[in-house]
Protein chains: 2
Amino acid sequence: MANQNSSEDIDYGILDTLVGYKLRRAQVNLFNHFSEHCSRFGITPGLFGVLSIVERNPGLTQTAIANALGNDRSAMVSVVDRLEAMNVVERKPSTSDRRSHALFLTKHGEAFYAELVEEVLKHEANFTSLLNEGEKALIIDILDRFAAHAPSKA
Amino acid sequence: MANQNSSEDIDYGILDTLVGYKLRRAQVNLFNHFSEHCSRFGITPGLFGVLSIVERNPGLTQTAIANALGNDRSAMVSVVDRLEAMNVVERKPSTSDRRSHALFLTKHGEAFYAELVEEVLKHEANFTSLLNEGEKALIIDILDRFAAHAPSKA
DNA sequence: TATTGTTATACTCTATAACTATA
DNA sequence: TATAGTTATAGAGTATAACAATA
């Protein structure tokens, strides 16, 4: 057992300089911690995103929410099904367009979401405690640039 | 059509302040661009990670590589199968342990990887051009902190 | 003609458990 | 007993295509 090639021995080469690789490693860790932290709510980061949009924008259609989050509307069906089964969100028939459903938090959903947000903020604080003054605003600004960038093909 | 609820009308609420949400949106965009950019190589970010480790650490076992990348060893099987089918990586029997395979780039794999790295660096430059002086080093440092953080349960 | 929610489908990624051959 | 590679499997996430109802 002279050499078990533990992680410390590894040369990561170019990976150590690539923002994409570092982003992925960081995101996986945050995602896992979020899920552990919010497991008692049965809420994943994806579900939390939908809840947050619904809470601040009551009455939006499923398609509008999918667009806001950068997802396909087909993926919204099972998500909203799950949130309805948890009695936190409800579909109401749109008054203006009978094709679409307007989404709202239920009464229970509002209390549920308020409690959930507290937990999410604890999770967030757990990671932002790693940041020095000004670094949180800066990294969010940088990540916004990365998310909005429509790169040239060249 | 007075209000189609286009993305500009959306109130993202707490999502706009959460590092986890911003990380995800940024990473999805980088991932998509990487895949488009490297599609002619048939290489995904995950495959590129394995190739990079093999290139810099020839002779490692599959399990050692999986650990280095934070993946499960069972996921390595199809990855290495694919890279072998592309004739860029080869499994060689380990001289010291007949249970394990040592991984190496093939001759073709070395040229392939060199060309691939050029493309990846173009992709990287496309995004890091959004950064000001010093921001790249800072964001990589911050992402390293996020990836290494083992949060308390409390 | 176009759009909404939906279904069916498929593909990737990821993880777990169990098997075999070795150690 | 423990570990390496493997297989089978299952879950989540994501995307496309097509359909019925409606616009």
Side-chain angles (χ1 to χ4, degrees), chain A residues 1-6 20-21 24-25 27-29 31-32 34-36 38-39 42-50 59-84 89-103, chain B residues 1-6 20-21 24-25 27-29 31-32 34-36 38-39 42-50 59-84 89-103:
Chain A
M1 283 262 238
N3 182 1
Q4 7 176 38
N5 273 309
S6 64
Y21 175 73
R24 182 181 166 278
R25 295 300 297 257
Q27 201 233 316
V28 166
N29 197 31
F31 186 103
N32 287 340
F34 182 106
S35 298
E36 286 169 26
C38 298
S39 60
I43 289 294
T44 62
L47 294 179
F48 181 74
V50 172
L60 278 194
T61 67
Q62 294 182 187
T63 297
I65 294 169
N67 290 342
L69 294 171
N71 302 325
D72 193 271
R73 67 200 156 97
S74 69
M76 287 293 294
V77 179
S78 80
V79 167
V80 177
D81 284 351
R82 272 197 279 172
L83 294 172
E84 269 198 330
V89 157
E90 56 184 338
R91 292 172 166 103
K92 291 185 179 175
S94 166
T95 53
S96 58
D97 184 339
R98 282 158 57 204
R99 290 172 304 181
S100 60
H101 300 154
L103 298 190
Chain B
M1 284 264 239
N3 184 0
Q4 11 177 32
N5 274 311
S6 64
Y21 176 72
R24 183 181 165 276
R25 295 299 297 258
Q27 201 232 315
V28 166
N29 197 31
F31 186 103
N32 288 340
F34 182 106
S35 298
E36 286 170 26
C38 298
S39 62
I43 289 293
T44 62
L47 294 179
F48 181 73
V50 172
L60 278 195
T61 66
Q62 295 181 189
T63 297
I65 294 168
N67 290 341
L69 295 171
N71 302 324
D72 192 89
R73 66 201 157 95
S74 68
M76 287 294 294
V77 179
S78 79
V79 166
V80 177
D81 284 351
R82 271 197 280 173
L83 293 172
E84 269 197 330
V89 158
E90 57 184 339
R91 290 173 167 102
K92 291 185 181 175
S94 165
T95 52
S96 59
D97 185 338
R98 281 157 58 203
R99 290 173 302 181
S100 61
H101 301 155
L103 299 190

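First the proteins, then the strands, lettered A, B, ... as listed; each starts at 1.
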At what distance, to the nearest 0.5 angstrom, does [atom1] of [X] lie from [atom2] of [Y]?
X: B:Arg91; Y: B:Asp81; atom1: CZ; atom2: CG; result: 4.5 Å
X: B:Thr44; Y: B:Leu47; atom1: OG1; atom2: CG; result: 3.5 Å
X: B:Glu84; Y: B:Glu90; atom1: CD; atom2: CD; result: 7.5 Å
X: B:Ser94; Y: B:Leu60; atom1: OG; atom2: CG; result: 11.0 Å
X: B:Thr63; Y: B:Asn71; atom1: OG1; atom2: CG; result: 12.0 Å

[X] side chain N/O closer than 4.0 Å to the phosphate oxygens (OP1, OP2) of [N]?
X: A:Thr63; N: C:dG5; value: yes
X: A:Arg91; N: C:dT6; value: yes
X: B:Arg24; N: D:dT14; value: yes
X: A:Ser74; N: C:dT4; value: no

**Complete:** Result for 5'-nearest mapping on DNA chain D, choosing between A:Pro45 and B:Ser100, is B:Ser100
**Prompt:** Of A:Ser96 and A:Thr44, whose nearest nucleotide on DNA chain D comes first from the 5' end?
**Reply:** A:Thr44
**Prompt:** Across the strands shown, which category fits A:Asp97 at heavy-atom distances under 4.0 angstrom: base, sugar-phosphate, nothing?
**Reply:** sugar-phosphate
Distance check needed: [N] [atom2] versus [X] [atom1], whole Å only.
X: B:Asn32; N: C:dT12; atom1: CG; atom2: C1'; value: 13 Å
X: A:His101; N: D:dA21; atom1: NE2; atom2: C1'; value: 11 Å
X: B:Glu84; N: D:dT6; atom1: CD; atom2: C1'; value: 14 Å
X: A:Asp81; N: D:dA12; atom1: CG; atom2: P; value: 14 Å
X: B:Leu47; N: C:dT14; atom1: CG; atom2: P; value: 11 Å
X: B:Gln27; N: D:dT14; atom1: CD; atom2: P; value: 11 Å
X: B:Ile65; N: D:dT3; atom1: CD1; atom2: P; value: 19 Å
X: B:Asp72; N: D:dG5; atom1: CG; atom2: P; value: 12 Å

Candidate nucleotides [options], ranked by approach to the side chain of [X] - the nearest:
X: B:Arg73; options: D:dG5, C:dA23, C:dT7; value: D:dG5
X: A:Ala75; options: D:dT22, D:dT14, D:dT6; value: D:dT14
X: B:Gln62; options: D:dG5, C:dT6, D:dT22; value: D:dG5

**Message:** Judged by each residue's nearest nucleotide on DNA chain C, which is more toward the 5′ side, A:Met76 or A:Val28?
**Reply:** A:Met76
**Fill in**
Judged by nearest nucleotide, the residue sitting upstream toward the 5' end of DNA chain C, B:Arg99 or B:Arg82, is B:Arg82
**Request:** Determine whether any donor atom in the side chain of B:Arg98 lies under 3.5 Å from an acceptor atom in the base of C:dT22, or the reverse, and answer yes or no.
**Result:** no
**Request:** Might you work through the side-chain contact (heavy atoms from CB on, under 4.5 Å) test for A:Thr61 and A:Arg73, ending with a clear yes or no?
**Result:** CA-CA 10 Å; A:Thr61 67; A:Arg73 67 200 156 97; over 6 Å; no
